[in-house]
Amino acid sequence: MGNFGKGCHLHLIDGSAFIFRAYHALPPLTRKSDGLPIGAVSGFCNMLQRYVEGNTGPDAPTHVAVIFDKGSHTFRNEIYDQYKANREAMPEDLRPQIPLTRTATEAFNIACKELEGYEADDIIATLAVQARDAGGRCTIISSDKDLMQLVGGGVEMLDAMKNKRIDVEGVEEKFGVGPNRVVDVQALAGDSVDNIPGAPGIGVKTAALLINEYGDLDTLLERAGEIKQPKRRQTLIDFADQIRLSKQLVQLDENTPLDFTIDDLEVREPDADKLLDFLVEMEFRTLSKRIATALDVEPPVIADVDPAGANPVDAPEALPFKPDDYEWVRDAAGLQVWIDRIYERGYVAVDTETTSLNEMLADLVGISLCVEPGQACYIPLTHKDGASDDLFGSDALAEGQMDLDEALKMLKPVLEDDSILKIGQNMKYDQKIFARNGVAVAPIDDTLLMSYALNAGLHNHGMDTLSERYLSHVPIPIKSLIGTGKSAITFDRVKINDAFKYAAEDADITLRLWKTFKPQLHQKQVTTVYETLERPLVPVLAQMEMAGVKVDRDTLSRMSNAFAQKMAGLEAEIHELAGQTFNVGSPKQLGEILFDKMGLEGGKKGKTGAYATGADVLEDLATEHELPARVLDWRQLSKLKSTYTDALQDHINPDTGRVHTSYSIAGANTGRLASTDPNLQNIPIRTEEGRRIREAFVAEPGNVLVALDYSQIELRILAHIADIPALKQAFDEGQDIHAMTASQMFNVPIEGMDPMIRRQAKAINFGVIYGISGFGLARNLRIPRAEAQAFIDTYFERFPGIRGYMDDTTKFAKEHGYVQTLFGRKINTPEINAKGPTAGFAKRAAINAPIQGTAADVIRRAMIRMPAAIEGLPARMLLQVHDELLFEVAEDAVDDLVSAAKGVMENASDPAVKLDVPLTVDAGQGANWAEAH
DNA sequence: GTACTCACG
DNA sequence: GACGTACGTGAGTACG
């Protein structure tokens, strides 16, 4: 056939619309052999096939193309930064399917077109206009109303789902105006889906009325003063600019710079081999059979995967690891090849190599990428030249490396591209490294967090553990490259020829783990946990950690000196009392002094044969003797000095003057965070002397610290989960929960209650959360065991739901091997069916986990929502201490911050879980952390 | 590297 | 009936 013209018929398929329809119409199917999400691709292919089958008769197209969007940034974002800003992020399991839909289109031998920086709609507009001008027909297969402006003069739309053609009349029906005025109506009415503002209070009906009265938008805006309705008149005058902007946004670009012509889109016969190969690769059994029949060829055989082999754990394992096959990327050309492959794939595993485990001090040394198991590369950037055994080394850069800035400049668009998923193992680390190099990595997946959502309680989630367990592969040990202990070198001193294998392997392992875990999230029903409680927390924590908290060195230093003096005095006294000098800090030596030399009673040896000298033991002895009392004082000071006033000073970052902790998201089995290097979740507060350390945690000038903490969150959650009416009522009424418990248990009025009674009730309340036992309570309260047991019995009598909760939870754990939080987090309890004392531990942990874990989930949700809630305020979130969040905020914005943050925290369980008890948050503020409490 | 001790929720 | 027990963490020190 010759050039496109009269008698020709062009079909333009809106590819993105097909994909989203396919995705939402189908359940989350996965490829059986490896779990790759495939539902949308399957639906897409079915739709294409149905489309092709329907193309018979006189109306059949002579030319056809599927048009896709490309790039998230278009000229519309340039003129209006909020364009499509309210769009939800693409679902994670859809992302990897996008490139596959391109491949599918090509497999059907249908032209597949896209243009960087343009929406599919603009390409469709350009082609439709060209077809019309050439005198041919054009059918746009889409139901997107934005395309209706193109209808007319031989251009029509077809809603493939409803099989309904939309012509000029159809457009008039929808918009009340002809196609040539559709943009005018859209400009006025706006569009919440694309976030087009339009004119407030004016919808399609009113807009059409106005346009029909005045002829077109420009005339309308010119003569807006003539409108009779005062409100409408004012709106059009006030918002004229916004309306003109809206028109620019909805107006399709009919002159996109295409690198092809309509003639290139001529209908082609499908290539049976190519198409069936693709369908077999996707493992589409039904469809490949149907298409084979239609093409009159032999249906291909798709091997049925053995159910055991369907375990995705086994699939990636099959391919051996070959470190020698990894690639050392030396220059821009080499890197470009990898970037192209990433765009083809839609995802990439990324890993960074640096000079330190501390992200705030680490310098970037190299980057690894992996797009397919076994195919990984390492881009060395700042490896040094010097021999590693040379004491001084050389600071000259080694050969065969890209310039750091050049590599980052090339990778930044990829790492920040909304449509490219970046996969990492502990992405918070890499995200911080990249952030410090000006790259905001997103979106991300994290294999460490996937493992945590799937396997909490079974094992830790480090790469070595995961690789050995799920890939049966022992990774190259880092020690083999950098050595151990004091003689260890930094990674930039490792020879690139050794480094690239190790580094690339990490990316390879990460990608294989991702392929293993991704489908399991659905299978084990923890996708929601991963998506709502794990993944979104990564950037929030990264920000908090990078913000750090200001710590005043002088305050700490003065305290250290004071503690040292006191300790010296105590030490002299202790030696005096002992009649000899010894190391007070050695429990072994102390035990021997106390129990052997002095002959005190109650010496108990532990499994290593040493006497126990814990605080509880010394406290008992202290009632009769001076020495243990002094040791207790000495120990307290020693702890404060070594762990806090000395150590914290070493953690002050020289660049920021602040202390930057690191939170491990997957450290605690229950969902709690853990803080390390330094641990800022155990800064003293219970004793006056210790509490003063918090005075060193300060706000910048003009700012204050604000502490917001949940009041009794675990007890409230217990009241809800175990469904205890009396407790729920007490929380509803804002009562003193421990006094209420005491009152119920001992039949005493709350007014004028003996503090001792309340203290006992408090201990029981906490004991319940920990999986109470008579022994434990007795020890805690220092009362006879029988008495403690009597308390517990009374407690269960008054609150029978507690016993029910404990029994049900234990039973559930024994049956399923895990327990769950209210938000669906699973905590595995592998030892629940063990025998002996282990069983007791496991049982109490199982009872505690849903309560502690639900509280952890609640504050996670609050933290995830916090950045949006305090956006625009001169405030930042600094620390989390399990039930408390610490903020630094400008003095004049304290009230705004408190009301915003408190709101988020108190409503954090909504809408996923409706708690029967209110969550309340107490607020405090001050120049330092001690005052903020 | 392990045990002990103690700081926090 | 005996056994051994509060839940979850991280860090510093002694010691083999």
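Both backbone and side-chain heavy atoms feed into the values below; hydrogens, waters and symmetry mates do not. Naming: A, B, ... by sequence-line order, numbering from 1 per chain.
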Under 3.5 Å, which donor-acceptor pairs link side chains of residues 770-787 of chain A to any protein atom two or more places apart or in another chain?
residue: Ser773(A); atom: OG; partner: Gly776(A); partner atom: N; Å: 3.0
residue: Arg782(A); atom: NH1; partner: Asp620(A); partner atom: OD1; Å: 2.8
residue: Arg782(A); atom: NH2; partner: Glu619(A); partner atom: OE1; Å: 3.3

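A donor-acceptor contact under 3.5 angstrom links the side chains of His738(A) and Asn765(A), judged on distance only. With no hydrogens or angles considered, no side-chain donor-acceptor pair links Thr555(A) and Arg692(A) at under 3.5 Å.
You'll find the ring centres of Tyr818(A) and Phe812(A) inside the 6.0 Å limit. Ring centers of Phe796(A) and Phe791(A): at least 6.0 Å apart, outside the cut-off.
Dashed line: the shortest gap from a side-chain N or O of Ser642(A) to OP1 or OP2 of dA11(C) is not under 4.0 Å. Within the structure, a side-chain polar atom (N or O) of Gln589(A) is placed less than 4.0 Å from OP1 or OP2 of dC15(C). Between Arg779(A) and dA6(C) there is a side-chain polar atom (N or O) within less than 4.0 angstrom of OP1 or OP2. Distances shorter than 4.0 Å separate none of the side-chain N or O atoms of Thr643(A) from OP1 or OP2 on dC6(B). Phosphate contact (OP1/OP2 of dG16(C), side-chain N/O of Lys588(A), threshold under 4.0 Å): present. Contact annotation: Arg844(A) side-chain N/O to dG8(C) OP1/OP2 distance is not under 4.0 Å. Close to dA14(C), at under 4.0 Å from its OP1 or OP2, lies a side-chain N or O of Asn583(A).
Using P as the reference atom, dC3(C) and dC6(B) are 28 Å apart when rounded to the nearest Å. Comparing the P positions of dA7(B) and dA2(C) gives an interatomic distance of 37 Å, to the nearest angstrom. Rounded to whole Å, the separation between the C1' atoms of dT2(B) and dA6(C) comes to 24 Å.
Side chain of Gln589(A) to backbone of Asn583(A): a donor-acceptor contact under 3.5 angstrom is found.
A salt bridge links Arg860(A) with Glu534(A): at least one charged nitrogen is closer than 4.0 Å to a carboxylate oxygen.
In this structure, the CG atom of Asn848(A) is 14 Å from the P atom of dA6(C), given to the nearest Å. In this structure, CD of Glu592(A) is placed 9 Å from P of dC15(C), rounded to the nearest angstrom. Atom CG in Asp616(A) sits about 8 Å away from atom P in dC6(B), given to the nearest Å. Between the CG atom of Leu718(A) and the P atom of dA6(C) there is a distance of 20 Å, rounded to whole Å. In this structure, the CD1 atom of Ile847(A) is 12 Å from the C1' atom of dT5(C), given to the nearest Å. In this structure, CG of Asn679(A) is placed 11 Å from P of dC8(B), rounded to the nearest angstrom. Taking atom CG of Asp883(A) as the reference point, atom C1' of dT9(C) lies 14 Å away to the nearest angstrom. Distance NZ (Lys762(A)) to P (dC7(C)): 19 Å, rounded to an integer number of Å.
When heavy atoms are screened at a 4.0 angstrom cut-off, Gly614(A) is found touching the sugar-phosphate backbone but no base atom. Across all strands, Arg785(A) comes closer than 4.0 Å to base atoms (heavy-atom distances). Within the nucleic acid shown, Phe841(A) comes within 4.0 Å of sugar-phosphate atoms alone, with no base atom in reach, counting heavy atoms only. Among the protein residues, Ile769(A) comes within range of no part of the nucleic acid, since none of its heavy atoms lies under 4.0 Å from any strand. Within the 4.0 angstrom heavy-atom criterion, base atoms lie near Gly767(A). Nucleic acid contact class of Leu673(A) (heavy atoms, under 4.0 Å, all strands): none. Residue contacts for Gln636(A): at a heavy-atom cut-off of 4.0 Å it reaches the sugar-phosphate backbone alone, with no base atom in range. In this structure, Ala849(A) reaches neither bases nor backbone, as no heavy-atom distance under 4.0 Å exists between it and the strands shown. Across all strands, Ile851(A) comes closer than 4.0 Å to no nucleic acid atom at all (heavy-atom distances).
Applying side chain to side chain donor-acceptor pair (under 3.5 Å) to Thr920(A) and the options Glu906(A), Arg716(A), Gln712(A) leaves one that passes, Arg716(A).
Base pairing of dC6(B) is made with dG10(C), judged by Watson-Crick or G-U wobble geometry with both donor-acceptor distances under 3.5 Å. Using Watson-Crick or G-U wobble geometry with both donor-acceptor distances under 3.5 Å, dG16(C) finds no partner in any strand shown. Under the Watson-Crick or G-U wobble criterion, with both distances below 3.5 Å, dT5(C) is left unpaired in every strand shown.
Closest contact between the side chain of Phe775(A) and the listed nucleotides dC6(B), dA11(C), dA6(C) involves dA6(C). Nearest nucleotide to the side chain of Arg672(A), out of dT5(C), dG8(C), dT5(B): dG8(C).
Evaluation of atom-type donor-acceptor distances gives a pair under 3.5 Å for the side chain of Arg686(A) against the base of dG9(B). Residue Arg635(A) places no side-chain atom within donor-acceptor reach of the base of dT13(C), judged by atom type and a 3.5 Å distance cut-off alone.
Mapping Ser638(A) and Pro837(A) onto DNA chain C by nearest heavy atom places Pro837(A) at the nucleotide closer to the 5' end.
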